Peer 1: 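Encoded as structure tokens, here's the structure I'll be asking about.
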Amino acid sequence: MSAALNPAQQEAVEHTGGPLLVVAGAGSGKTRVLTTRIARLIEHHRVPPSAILAVTFTNKAAGEMRERIGRLLGHDPAGMWIGTFHGIGARMLRRHADVVGRTPEYTIYDEDDTLAVVKREMERLRISHKVFTPKAILAEISSAKNALVDPVEYERLGRTPIAEAAAKVYRELEGALRSANAVSFDDLLTLPVRILRESERIREQFATRFQQVLVDEYQDTNRAQYEFVRAIAAGHGHLAVVGDDDQAIYGWRGADIRNILDFERDFPSARVVRLEENYRSTAPILDLANAVISVNEGRRGKTLRTTRLGGDPVTLVEAADDRDEADAVVESCRQWQGTRGAWRDCAILYRTNAQSRAMEEALRTHAIPYRVIGAVRFYDRREIKDLVAWLRLVANPSDDEAFRRAITAPKRGVGETTLELLAAEARTNGVSLLEQSRRIESMPGVRPATRNALTQMVAIVDRVRALAADSGVDRLLLEVIQATGFDEVLRAEGPEGLERLDNVRELVTSAAETLIEDGGEVGLRPLDHFLQRATLVTGLDQLGPDADAVTMMTVHTAKGLEFPMVCVSGLEEGLFPLFRTIDDPEALEEERRLLYVATTRAEDRLQLSWAHQRRRNGELLPSVMSSFLRGGVAEYYTKQPTARAKGSARIASPFLGGSAGGGSRSGRSEGRERPFGGARTPEWSPRGGTRVEFEPEEAPSQDLPRFVPGERVRHTRFGSGTIAELSGSGRDAKVTVDFDDESIGRKRLVIAFAGLERGFE
């Protein structure tokens, strides 16, 4: 079972009798260690699968772990609890919902549902949406929940205006969720902790049952997740956690790197095993990654060593602007696909989603297939959310958010005014919107058509609910679609509606395929199970079989993945690292960890890139190379300027921050450099520099090329042409070009965005 393990992996697998921390570097085989350890516990130590709790962060990772354990054992580890923190929390809540004022049929509200409740509570409390957006209020509440700060304590601690407003909404939100028999995503983490804290009987029950607790990606745990694990494992101490402090990149959403850095504080007898042999990347890639991360101070310290010989050098592409960068990246992918592999081997990573536009444009121009990961998810599409709302209402008639969506899917002539009247009457009577709709005959002032629509809706819910006890979810969906005329409404929308109808068909297929899957959760009907899966699924879990296409995604999305060739773009100060992190040491270290994650996704080839100028908010702004690539890191990559970067006079401009080394060719101080996204005001002060005044709005455009009528130019997309006319000035300067290609003809272009090169015959 463990013959293929290296000594460190073997030590982690065979450790017994107490807590274990496995510091697993990128590509060091941590999944193999986890799965082999679990299989060994079952087979060698005779630990029943039902006595093992294994927690990870995605449904996909949990499924893969279960499959690998099954292959190692030769049979499925039936009875073992393996899943995400949210999934395990939901499972515990189904069993003990009464402790926190719910029933086992509770609904899981996604962010949109919870946001809708927050909006209504803000309106009821007369908190203006213009002063504090509902999303901002919800973010405050979410942070408080994940830090296990309850409404009373949060109200006491609140010192800022937004915290004071959020405290009022937080208090009301809890009551609204209880009365709707619903929980938010955050509640799936916090309510289980509350159950374990408040009930010694339940805590001992879980601690006794789960003799072995294993946690993957421990560096990403927040306070609630940490307390959940500790409550179950603290008594017996049989806790094994696997993680990498150098890949802790979710501090912005509450993850606490101290959980892994201070593991021995909570478990003094813990054994620490470091996995430093990397099976993924070549030596040049790991040398650069090690150099990048070694600058961080808040880390345990380790050095990845490759098991592979040779490898291409890491290259740093220096581009004139973001379009030039995109062309260079796409050309690298073309070369890879033409000589060494397939399109699917290539991944383009970026710090923010906004960077994808130029890359997409270049890929389309060259007719290269690509997919963007992180776009609208299947379960976020309008028609899917509409039908899921119907299923939620069938499963939980107290779900007012589902009622509000279902009543408009399709529209039935029940407007917001009627809904608010219905809601007010429901609050008075202490019932749900659906229950109040049963009493619609007794409500004065309701139009006959509205009364009829509500009565029909109640009848549909009752009929489908009666089927839910022993019918498959696909049957329930078909019943809802037929009863509401949902399919006919989509057909009436034309081509777009037909595409949406295809999505509806896929939902029915999905419901049929997952009908009996993972049926071990006590008390769950197939409908409850399906809704839980539909709500908890993540963007990565949605990925289907790999198409032969270039993959584009943010670095955060890429965590846990690997590709033969990786291009990391936008390595500029203010972009990577982000501008807001430059003066925050902890945030800056997390940005550096993010670059470490990006570089260690690469197996065979790694290309980094940055641009002297980048488009932001419709304006071409100057950039300087990321500080992460300066100093000692520079010896681990080869500079590769593009033709445009070599020949562009703009690179020497005092507004552009100088050469790839970060110095200023104009002789100006580094204080002249303005990071990507930085304001054109004196407020920004470069780290280690002085406060700087920037030129007026017109100044950057003075560096634009000056053309004359009759001059020959070349455009990257339209080809060569002759300038016919010029107009405007500064950033608004425009040029009219007669292009040689008759199918393109005359084009009027903004010079600042055109990227025209002169002197072409």
Side-chain angles (χ1 to χ4, degrees), residues 285 312-375 546-555 557-558 561-572 575-576 598-599 601-616 620 623 625 637-648 660 676 714-720 741 744 753-757:
I285 294 169
D312 297 340
V314 176
T315 57
L316 173 65
V317 171
E318 175 189 353
D321 57 29
D322 50 348
R323 294 179 185 275
D324 188 34
E325 177 191 38
D327 287 338
V329 169
V330 169
E331 180 57 30
S332 296
C333 292
R334 283 168 59 90
Q335 291 177 5
W336 175 275
Q337 189 270 346
T339 60
R340 299 178 63 174
W343 294 122
R344 67 168 65 89
D345 293 343
C346 303
I348 301 173
L349 308 184
Y350 34 79
R351 179 63 183 85
T352 67
N353 277 309
Q355 294 168 248
S356 69
R357 179 176 296 183
M359 295 291 176
E360 288 191 66
E361 206 168 274
L363 288 163
R364 284 196 299 266
T365 299
H366 294 282
I368 295 175
Y370 72 95
R371 57 178 185 164
V372 181
I373 307 303
D546 288 343
D548 190 21
V550 174
T551 300
M552 297 175 57
M553 68 185 93
T554 64
V555 180
T557 304
L561 303 179
E562 57 189 43
F563 299 88
M565 177 179 179
V566 171
C567 301
V568 186
S569 63
L571 282 160
E572 296 139 29
L575 178 57
F576 204 164
T599 57
R601 299 311 94 198
E603 297 174 345
D604 302 315
R605 179 165 173 74
L606 173 63
Q607 176 178 288
L608 313 172
S609 61
W610 73 284
H612 283 278
Q613 296 185 104
R614 189 168 296 275
R615 287 163 179 81
R616 178 82 177 257
L620 197 61
S623 306
M625 187 181 73
Y637 59 75
T638 302
K639 296 179 182 178
Q640 187 176 298
T642 66
R644 283 187 57 202
K646 287 179 181 177
S648 174
F676 173 81
R714 181 175 179 80
H715 189 278
T716 55
R717 177 184 294 180
F718 304 132
S720 300
D741 188 333
I744 295 173
F753 299 147
L756 293 173
E757 298 179 59

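Note that the structure is a prediction, hence the values are computed from the model and not measured.
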Peer 1: For C333 versus C567, what's the shortest heavy-atom pair and its separation?
Peer 2: SG-SG, 4.4 Å
Peer 1: Check whether any side-chain N or O of S569 sits under 3.5 Å from a backbone N or O of L349 as a donor-acceptor pair, and report yes or no.
Peer 2: yes
Peer 1: What pair of heavy atoms forms the shortest contact from K646 to P641, and how long is it?
Peer 2: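 Distance-wise, the nearest heavy atoms are CE-CG, 3.7 Å.
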Peer 1: Would you say the side chains of S332 and Q335 form a donor-acceptor pair under 3.5 Å?
Peer 2: no
Peer 1: Could you walk me through whether Y350 and T554 pass the side chain to side chain contact (heavy atoms under 4.5 Å, CB included) check?
Peer 2: CA-CA 5 Å; Y350 34 79; T554 64; 3.8 Å; yes
Peer 1: Rounded to the nearest 0.5 Å, what separation is found between the CD atom of E318 and the CG atom of D324?
Peer 2: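 Reported value, rounded in 0.5 Å steps: 10.0 Å.
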Peer 1: Is the shortest side-chain heavy-atom distance between F576 and V555 below 4.5 Å?
Peer 2: yes
Peer 1: Less than 4.5 Å apart, any side-chain heavy atom of P564 and any of W336?
Peer 2: yes
Peer 1: Quick one: pull up SG in C346 and CZ in R334 and give me the separation to the nearest 0.5 Å.
Peer 2: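 If I round to the nearest 0.5 Å, the distance is 12.0 Å.
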Peer 1: Check the orientation of H715 and F718. Use parallel for under 30°, tilted for 30 to 60°, and perpendicular for over 60°.
Peer 2: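 If you compare the ring of H715 with that of F718, the planes turn out parallel.
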Peer 1: Can you tell me how far apart CZ (R601) and CD1 (I285) are? Round to the nearest 0.5 Å.
Peer 2: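 Those atoms lie 11.0 Å apart.
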Peer 1: Can you give me the closest heavy-atom contact between Y637 and M625, atom names plus distance?
Peer 2: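 What the structure gives for the nearest pair is OH-CE, 4.0 Å.
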Peer 1: Among Q640, E331, K639, which residue meets the side chain to side chain contact (heavy atoms under 4.5 Å, CB included) test with V317?
Peer 2: Q640
Peer 1: Is any side-chain heavy atom of W610 closer than 4.5 Å to a side-chain heavy atom of L608?
Peer 2: no
Peer 1: Measure the shortest side-chain to side-chain distance between M552 and E360 over non-hydrogen atoms and say whether it is less than 4.5 angstrom.
Peer 2: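 Yes, close enough: below the 4.5 Å cut-off.
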Peer 1: Please check if the side chain of D548 supplies one atom and the backbone of R344 the other of a donor-acceptor pair under 3.5 Å.
Peer 2: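 Such a contact is found between D548 side chain and R344 backbone.
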Peer 1: Taking the side chain as every heavy atom from C-beta outward, state whether D327 and R644 have any atom pair closer than 4.5 Å.
Peer 2: no
Peer 1: Restricting to non-hydrogen atoms, name the atom on L316 and the atom on S609 that form the minimum distance, rounded to 0.1 Å.
Peer 2: CD1-N, 4.0 Å
Peer 1: Hey, could you give me the CD/CG distance between E572 and D322, rounded to the nearest 0.5 Å?
Peer 2: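 The CG atom of D322 is 8.5 Å from CD of E572, to the nearest 0.5 Å.
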Peer 1: Under 4.5 Å between any side-chain heavy atoms of M553 and L561, yes or no?
Peer 2: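 With C-beta onward as the side chain, the pair touches.
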Peer 1: Any heavy-atom pair between the side chains of T315 and R605 that's under 4.5 Å?
Peer 2: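 Side chain of R605 against side chain of T315, heavy atoms only: contact under 4.5 Å found.
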Peer 1: Would you say the side-chain atoms of D321 pair up with the backbone N or O of Q613, donor to acceptor, closer than 3.5 Å?
Peer 2: no
Peer 1: Looking at G570, is its backbone amide N or carbonyl O close enough to the side chain of E325 to form a donor-acceptor pair, meaning the two atoms are under 3.5 Å apart?
Peer 2: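 It does hold such a pair.
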Peer 1: Looking only at non-hydrogen atoms, find the nearest pair between A611 and S623 and report the distance.
Peer 2: O-CB, 3.2 Å
Peer 1: Specify the closest pair of heavy atoms between V568 and A598, including all atoms of both residues, with the distance to one decimal.
Peer 2: CG2-CB, 4.0 Å
